[in-house]
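These notes are about the structure you will find just below.
Just so it is clear, the model here is predicted, and its values are computed rather than measured.
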Amino acid sequence: MDSSVLVSCFVILNLFLMTIPASGGKSRHFRWEVEYMHWSPDGLEGVVMGINGQFPGPTIRALAGDTIHVELTNKLPTEGVVIHWHGIRQIGTPWADGTASISQCAINPGEKFAYRFKVDKAGTYFYHGHYGMQRSAGLYGSLIVDVREGDKEPFEYDDEFNILLSDWWHKGSHEQEVDLSSNPFRWIGEPQTLLINGRGQYNCSLAGQLSHSPTSQCKLRGDEQYAPRLLHVQPRKTYRLRIASSTALASLNLAIGNHKMMVVEADGNYVHPFAVDNIDVYSGESYSVLFTTDQDPSNNYWISVSVRGREPKTPQGLTILNYRPTSASKLPISPPPAAPAWNDFKYSVTLSKQLFALKGTPKPPARLDRRILLLNTQNFIDGYTKWAINNVSLVLPATPYLGSIRYGLTNAFDQKSPPDDFGREYDIVKPAGNQNSSYGNGVYTLRFNTTVDVILQNANALKANVSEIHPWHLHGHDFWVLGYGEGKFTDKDEERFNLENPPLKNTAVIFPYGWTALRFVADNPGVWAFHCHIEPHLHMGMGVIFAEGVRRINKIPDEALGCGLTGKVLMKKNGGI
């Protein structure tokens, strides 16, 4: 595929139009019931968390500028629930961000809660539970925002597909929570299966007859809950493949056998197109790629996802690209694409460094007002294994920050701000001499409309020679990814920042023993989580809280804050006891 053609199509005019905040639009209404269900995501029946009897949950499709209304009923028998709309900035509706103890109270069993928010920017997004480890339980689905009527994308394609990636354990999410919170620590282990649109195969392989694995060939009718959803294509067409990862743990690599892919979107923002044979997709990321069906139409081809960044103990996830009119039951003649080595981090860094904003994308401010350096470490607290940021392991308060800050409830959380830096003498390549940490729930208060740099600094874990990948997700904002580096960040590294065309994203990864530099403008009133998107890591304290312009918020629905200290304030306000 000629990348110059893609770059030249509609770029200047349409990119300008699509970066203008949308106004007007339609209201789209949904009624959802969240409940546990018996399901077979990979051939072994278990319990999943579904919506309206579906797993994954229903796909929301809207146009930029539309307002989404979701009336959510919690039908879980004994636990609360919230839904986070991942990548939607919630401008003017911070209470709808769907983060328990941060932007709202958990929705109790039997209760209803109305989410209402505008999808202001076209792109590929998804939603997921943000209470406990409900993403591990299967609470997720796709959210696609198309350009407004009359607008066009800065590239052309004939049709599109949507792929939501996830990982699956046969151990339930509640047992995983107990394992992670135990002393001695019990690691949850690697997932048993990788799912593509909620479907995978644990006890057989679609490519069993072509691989050297002892796993047998799947024999499927096609109507099983775990039978793959095939992608049916016509020869000599160009397709858009939307990819999002809601994995709880796994970093993945996606490939389409014999087909090149052209990357055109990342986290809801257009990027300068570039061609790849495969693409790394970390938890919380989304991409759009274009591919052309220019291969032999008498054959079908594999679409594969493979584990990256961890020693693979989980088989590839597979589905099939079916060239019509070739029979969908005809297996590809070649084995599935082989992924790069799981620990080839140079390959991963090189891929990340190919992301540049499309021409016309807003540039970052040239100067910063505040820099926050966040050191990621694994620690002990009273013998329990935790993750910490600048030696503070996050624990969320009983009262949502949004309400306690808005109503001035200073006793709702620690009023001391966490540290902006860590001891520069810290040796990031060795286990710390003192591996103990402490709990905290303080907030980084950001002066409204200022420019903030965040330097994510990776370090050694508790064991020697171990440093893990961490994809970090910021709520309420997009940020510019200014650069990556190896070793400990120094002020001199700022000279290498890309201020000309850095990509805008909402999720960015830090690589082992490295740093990643981000810049954003604190211009969205609210309280926002910033955390590792690996669910066990967040559960173990790997996150921070940013607050900005909260006093500028005019109205927070009472039903968002009816718990903890804000619940008592609202009772008094409404004449309660």
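Relative orientation of the Y115 and F113 rings is perpendicular, given thresholds of 30° and 60° on the angle between their planes. Ring geometry, H531 versus H475: the interplanar angle falls from 30° to 60°, so the pair is classed tilted. Classified by interplanar angle (parallel below 30°, tilted 30° to 60°, perpendicular above 60°), the ring pair F530/F546 is parallel. Between H130 and H84, the ring planes lie perpendicular to each other; the angle is over 60°, past the 30° to 60° tilted range. Below 30°, between 30° and 60°, or above 60°: for Y140 and F55 the angle between ring planes is between 30° and 60°, a tilted geometry. Ring-plane geometry between W32 and W85 is classed as tilted, the angle between the planes lying from 30 to 60 degrees on a 0 to 90 degree scale. Y157 and F155 have tilted rings, their planes meeting at an angle from 30° to 60° on a 0 to 90° scale.
The closest donor-acceptor contact from the side chain of S246 to the backbone of L165 lies under 3.5 Å. Side chain of N300 to main chain of Y323: a donor-acceptor pair is present (N/O by atom type, distance under 3.5 Å, no hydrogens or angles). In terms of modelled atom types and a separation under 3.5 Å, the side chain of K118 and the main chain of D120 share no donor-acceptor contact. Not one N or O on the side chain of T292 forms a donor-acceptor pair closer than 3.5 Å with the backbone of T238. Between the D344 side chain and the S348 main chain, no donor and acceptor come within less than 3.5 Å of each other. Of the possible polar contacts, one joining the N524 side chain to the G476 backbone as a donor-acceptor pair under 3.5 Å is found.
Side chains of R324 and H232: a donor on one and an acceptor on the other come within 3.5 Å. Between the side chains of E153 and Y270, at least one donor N or O sits under 3.5 Å from an acceptor N or O. A donor atom on one side chain and an acceptor atom on the other are found under 3.5 Å apart for S288 and E265. Checking N253 against S306 by side-chain atom types alone, no donor-acceptor pair falls below 3.5 Å. No side-chain donor-acceptor contact under 3.5 Å links E535 and H128. Side chains of D42 and T193: a donor on one and an acceptor on the other come within 3.5 Å.
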Q) Given D146 and R242, is the salt bridge (charged side-chain N to carboxylate O under 4.0 Å, His left out) satisfied, shown in steps? A) CA-CA 12 Å; D146 294 301; R242 296 179 181 267; 3.4 Å; yes

Q: Mind running ring pair (Phe, Tyr, Trp, His ring centres under 6.0 Å) on Y301 and H259 for me, showing each step along the way?
A: CA-CA 9 Å; Y301 301 87; H259 291 74; 5.1 Å; yes

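Residues F126 and G141 share a closest heavy-atom pair of CB-O, 3.1 Å. Smallest separation of non-hydrogen atoms from T247 and S283: O-OG, 2.7 Å. The minimum heavy-atom distance linking K121 with D267 is given by the pair NZ-O, 4.3 Å. Here the shortest heavy-atom pairing between E285 and D280 reads OE1-O, 3.9 Å. The minimum heavy-atom distance linking N498 with N501 is given by the pair ND2-OD1, 2.9 Å. Nearest approach of Q90 to A96, heavy atoms of both residues: NE2-O, 3.4 Å.
Counted within 6.0 Å of CZ on R116, heavy atoms from surrounding residues, nucleotides or ligands total 12 or fewer; the atom is thus considered open. Atom OH of Y239 has more than 12 neighbouring heavy atoms from other residues, nucleotides or ligands inside a 6.0 Å radius. Atom CD of Q54 is surrounded by more than 12 heavy atoms from other residues, nucleotides or ligands within 6.0 Å. Other residues, nucleotides and ligands contribute at most 12 non-hydrogen atoms within 6.0 Å of the CZ atom of R31.
Using a cut-off of 4.0 Å between Lys/Arg side-chain N and Asp/Glu carboxylate O, R61 and E160 are scored as salt-bridged. A salt bridge is absent between R199 and E224; no separation between the charged side-chain nitrogens and carboxylate oxygens falls under 4.0 Å. A salt bridge is defined here as a Lys NZ or Arg NE, NH1 or NH2 lying under 4.0 Å from an Asp or Glu carboxylate O, and K237 with D159 fails to meet this definition. The pair D223-R221 counts as a salt bridge, with a side-chain nitrogen and a carboxylate oxygen less than 4.0 angstrom apart. At a threshold of 4.0 Å, the pair D294-R236 does not count as salt-bridged, since none of the basic side-chain nitrogens sits closer than that to a carboxylate oxygen. Between D478 and R519 there is no salt bridge, since no side-chain nitrogen of the basic residue lies less than 4.0 Å from a carboxylate oxygen of the acidic one.
For the side-chain contact (heavy atoms from CB on, under 4.5 Å) with Y347, the qualifying choice from N343, T350, L351 is L351, the only one to do so.
Counting heavy atoms from C-beta outward, I83 and L72 have side chains that approach closer than 4.5 Å. Contact of the S304 side chain with the L254 side chain is not registered, since no non-hydrogen atoms from C-beta on lie closer than 4.5 Å. In this structure, the side chains of L321 and L230 stay at 4.5 Å or more apart for every pair of heavy atoms. At least one side-chain heavy atom of V119 sits under 4.5 Å from a side-chain heavy atom of I88.
From R367, atom CZ reaches atom CG of L499 across 11.0 Å, with rounding to the nearest 0.5 Å.
Among residues two or more places apart in sequence or in another chain, the side-chain hydrogen bond (donor to acceptor under 3.5 Å, both in side chains) test is passed with Y226 by none.
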